[in-house]
Amino acid sequence: QVQLVESGGGLVQAGGSLRLSCAASGSFFSIDTMGWYRQTPGTQRDLVAGISRAGITNYADSVKDRFTISRDNAKNTVYLQINTLKPEDTAVYYCNAAIRKSLTYPYVNYWGQGTQVTVSS
């Protein structure tokens, strides 16, 4: 069974930094695009940053200068470095990955359980 396990969330003061990690585990053939989304109560889950297997990145405009996404393909892990945190960054952050179990299977989107990031002013 494929799982995405996130870590690194917590409570930080405005201006601080956090590094989120998300590791894929289980039996699978390959991982394509990985990304981070965030969601606050009553709103939709929005893309924060994405990264292809080759390392091409994309960011939401609101985080472009403060967030950095990276991945380690050997460890099946994606990271999100968050700097200069603002109270409006408070949300549950979810990891997402397109994974296929074998060469003959299509890519399927998997989600992590979410990690809470709370920024105090």
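Start at 1 with the first residue, then count along the sequence. Below, all heavy atoms of this structure are taken into account, side chains as well, without hydrogens, waters or symmetry copies.
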Which atom of [X] lies closest to which atom of [Y], heavy atoms considered:
| X | Y | answer |
| --- | --- | --- |
| Gln116 | Thr90 | NE2-CG2, 4.0 Å |
| Lys64 | Asp61 | NZ-OD1, 2.9 Å |
| Ile69 | Met34 | CD1-O, 4.1 Å |
| Ser21 | Tyr79 | OG-CD2, 3.3 Å |
| Ala91 | Thr40 | CB-CG2, 3.7 Å |
| Tyr59 | Ala49 | CD2-CB, 3.5 Å |

_Under 3.5 Å side-chain donor-acceptor pair for Tyr107 and Ser30_ = yes
*Could you give me the CA-CA distance, side-chain angles and deciding distance for Arg38 and Val63, then say whether side chain to side chain contact (heavy atoms under 4.5 Å, CB included) is met?*
CA-CA 12 Å; Arg38 66 186 181 185; Val63 307; 3.8 Å; yes
*Examine distances only and state if a side-chain atom of Arg71 and a backbone atom of Ala54 form a donor-acceptor pair shorter than 3.5 Å.*
no
*Please answer whether the main-chain N or O of Gln113 pairs with a side-chain N or O of Glu6 as donor and acceptor at a distance below 3.5 Å.*
yes
I need the [X] [atom1] to [Y] [atom2] distance, nearest 0.5 Å.
| X | Y | atom1 | atom2 | result |
| --- | --- | --- | --- | --- |
| Leu47 | Asn96 | CG | CG | 8.5 Å |
| Tyr93 | Thr115 | OH | OG1 | 10.5 Å |
| Ile99 | Leu4 | CD1 | CG | 5.0 Å |
| Lys101 | Gln1 | NZ | CD | 7.5 Å |
| Asn73 | Ile51 | CG | CD1 | 8.0 Å |
| Arg66 | Ile82 | CZ | CD1 | 8.5 Å |

*asked:* I'd like to know whether Ile31 forms a side chain to side chain contact (heavy atoms under 4.5 Å, CB included) with Val78, so could you lay out the CA-CA distance, the side-chain angles of the two residues, the decisive distance to 0.1 Å, and finally the verdict.
replied: CA-CA 11 Å; Ile31 304 175; Val78 63; over 6 Å; no
*Do Leu20 and Val117 have side-chain heavy atoms sitting under 4.5 Å apart?*
yes
*Residues Asp89 and Lys86 bridged, charged N to O under 4.0 Å*: no
_Contact list for residues 51-117, test disulfide bond (SG atoms under 2.5 Å apart), sequence neighbours left out_ = Cys22-Cys95
*asked:* Are Trp36 and Tyr94 connected into the same hydrophobic cluster when the rule is that any two of I, L, V, M, F, W, Y join if their side-chain heavy atoms are below 4.5 Å apart?
replied: no
*Evaluate the criterion side chain to side chain contact (heavy atoms under 4.5 Å, CB included) for residue pair Phe28 and Tyr105; output intermediate values, then yes/no.*
CA-CA 10 Å; Phe28 52 87; Tyr105 272 69; over 6 Å; no
